[in-house]
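What follows is one structure encoded as structure tokens, with my remarks underneath.
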Number of protein chains: 2
Amino acid sequence: MIKCHLSKLMGEKKLKIVDVARETGVNRGTVTRLYHETASRVELETIEALCRYLGCDVGDLFEFVDEQ
Amino acid sequence: MIKCHLSKLMGEKKLKIVDVARETGVNRGTVTRLYHETASRVELETIEALCRYLGCDVGDLFEFVDEQ
DNA sequence: GCATAATGATCTTCAGGAGGACATTTTGAA
DNA sequence: TTCAAAATGTCCTCCTGAAGATCATTATGC
């Protein structure tokens, strides 16, 4: 599965969902879905905005977890 | 921007688009879009299949390139 | 206690990926 | 070189889910 670490990254910086949505321009519903890992599709634009805002790379945000 | 290194990864292994599509179960059109970097949205399921098949992590497949 | 902010949940709209079909190009064997 | 099969590019339709807005509920702090 692909694990999204947005909640962890946000937690480390004590960020709120509204903060991330407001500062990145990404829709709040989208941030919420990624935060709770209920998203199954992502816009590359969204990934870019989050990486830029969080100062991280794609690999920090998403991780491939092999669970055969 | 978010750069997709699928073409590079495929080139290193001398893989064809059909190979990747057939082996991963991902639609050929989707592989083509990622190969030519014309995709703007990705299914997490697709990323998972590609990572598993290529034996790489998400960060190897997608890279955040800051170009302010 | 109350006002404000934050979050969760739901609905509609719509862009674009998924999947399939067809045309064209490339490849390789005869 | 010729021809058939494979690979790729392109176009079309369908359908999912992000985007955006709104409302109800919960949390925060003054």
Side-chain angles (χ1 to χ4, degrees):
Chain A
M1 65 170 295
I2 297 295
K3 186 137 185 41
C4 178
H5 293 127
L6 178 60
S7 58
K8 195 191 73 180
L9 292 170
M10 282 174 56
E12 288 172 355
K13 301 187 175 195
K14 303 199 183 356
L15 294 171
K16 286 175 274 188
I17 290 178
V18 273
D19 293 333
V20 178
R22 184 167 33 217
E23 298 299 315
T24 60
V26 174
N27 184 269
R28 188 168 64 83
T30 303
V31 177
T32 301
R33 273 186 289 275
L34 289 171
Y35 185 93
H36 293 291
E37 301 192 63
T38 54
S40 61
R41 182 194 293 174
V42 204
E43 299 279 337
L44 296 187
E45 204 176 313
T46 297
I47 299 178
E48 179 177 359
L50 291 174
C51 285
R52 172 166 290 120
Y53 176 61
L54 296 169
C56 69
D57 209 330
V58 184
D60 302 317
L61 198 52
F62 293 100
E63 182 193 11
F64 167 57
V65 180
D66 197 347
E67 12 156 60
Q68 43 269 13
Chain B
M1 64 170 298
I2 297 295
K3 187 140 184 37
C4 178
H5 294 127
L6 178 61
S7 59
K8 195 191 73 180
L9 292 169
M10 282 174 58
E12 287 173 354
K13 301 186 176 197
K14 302 196 184 356
L15 295 171
K16 284 176 275 189
I17 289 178
V18 272
D19 294 333
V20 178
R22 185 167 34 218
E23 298 299 315
T24 59
V26 174
N27 184 270
R28 187 168 64 83
T30 304
V31 177
T32 301
R33 274 186 288 275
L34 290 171
Y35 186 94
H36 292 291
E37 302 192 61
T38 54
S40 62
R41 182 196 292 174
V42 203
E43 299 278 336
L44 296 187
E45 204 176 314
T46 297
I47 298 178
E48 177 178 1
L50 291 174
C51 284
R52 171 166 292 120
Y53 176 61
L54 296 170
C56 68
D57 209 331
V58 184
D60 302 317
L61 198 53
F62 293 101
E63 183 194 10
F64 168 58
V65 180
D66 196 350
E67 9 156 59
Q68 43 267 16

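Here is how names work: the chains are called A, B, and so on, in the same order as the sequence lines, proteins then strands, and each is numbered from 1. What you see is a predicted model, and the numbers here were worked out from it, not measured in a lab.
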Next on the checklist: Taking 4.0 Å as the cut-off, does a side-chain nitrogen or oxygen of B:Arg33 come that near to OP1 or OP2 on C:dA18?
Outcome noted: yes
Item to check | Nearest-Å distance for atom pair CZ/C1', residues B:Arg22 and D:dA7 | outcome: 10 Å
Next on the checklist: So if I take the C1' atoms of five pairs at each end of the helix from C:dG1-D:dC30 to C:dA30-D:dT1 and get each local axis, what angle do the two axes make, rounded to 10 degrees?
Outcome noted: 50°
Item to check | Interatomic spacing from CZ in B:Arg28 to CZ in B:Arg22 - rounded to 0.5 Å | outcome: 10.5 Å
Checklist entry - What is the distance from CG of B:Leu34 to P of C:dG19, rounded to the nearest Å? => result 13 Å
Next on the checklist: Is the shortest side-chain heavy-atom distance between A:Leu34 and A:Leu50 below 4.5 Å?
Outcome noted: yes
Item to check | Nearest-angstrom distance from the residue atom CD of A:Glu37 to P of D:dA18 | outcome: 13 Å
Next on the checklist: Side-chain N or O of B:Thr46 versus OP1/OP2 of C:dG17: is the shortest distance under 4.0 Å?
Outcome noted: no
Checklist outcome for this item: Given the options A:Asp60, A:Val31, A:Leu15, A:Thr32, A:Leu6 meets side-chain contact (heavy atoms from CB on, under 4.5 Å) only with A:Val31
Checklist entry - Pick the nucleotide of DNA chain C nearest each of B:Thr38 and A:Lys16; which residue has the one closer to the 5' end? => result A:Lys16
Next on the checklist: Any heavy-atom pair between the side chains of B:Ile17 and B:Met10 that's under 4.5 Å?
Outcome noted: yes
Checklist outcome for this item: Taking for B:Arg28 and for B:Ala39 the nucleotide of DNA chain C with the nearest heavy atom, the one nearer the 5' end belongs to B:Ala39
Item to check | Nucleotide C:dT27, atom P - distance to CG of B:Asp19 in whole Å | outcome: 14 Å
Item to check | Under-3.5 Å donor-acceptor pair between B:Arg41 side chain and C:dA15 base | outcome: yes
Item to check | Side-chain (B:Glu63) to main-chain (B:Lys3) donor-acceptor, under 3.5 angstrom | outcome: no
Next on the checklist: Return the CG to SG distance between B:Leu61 and B:Cys4, rounded to the nearest 0.5 Å.
Outcome noted: 5.0 Å
Checklist entry - Rounded to whole angstroms, how far apart are OH on A:Tyr35 and P on D:dA18? => result 18 Å
Item to check | Separation of A:Ile47 CD1 from A:Cys56 SG (nearest 0.5 Å) | outcome: 10.5 Å
Checklist entry - Considering heavy-atom distances to DNA chain D, does B:Gly29 or B:Glu43 have its closest nucleotide positioned more toward the 5' end? => result B:Gly29
Checklist entry - Taking the side chain of A:Asn27 as its heavy atoms from C-beta onward, which of C:dG8, C:dG20, D:dG20 lies nearest to it? => result D:dG20
Next on the checklist: C:dG17, OP1 or OP2 - any side-chain N/O from B:Ser40 closer than 4.0 Å?
Outcome noted: yes
Checklist entry - Can you check the A:Lys14 NZ to D:dT28 P distance for me, whole Å? => result 14 Å
Item to check | Protein-nucleotide distance (A:Ile17, atom CD1; C:dA9, atom P), rounded to Å | outcome: 11 Å
Item to check | Interatomic distance where CG belongs to B:Leu50 and P belongs to C:dG17 [whole Å] | outcome: 14 Å
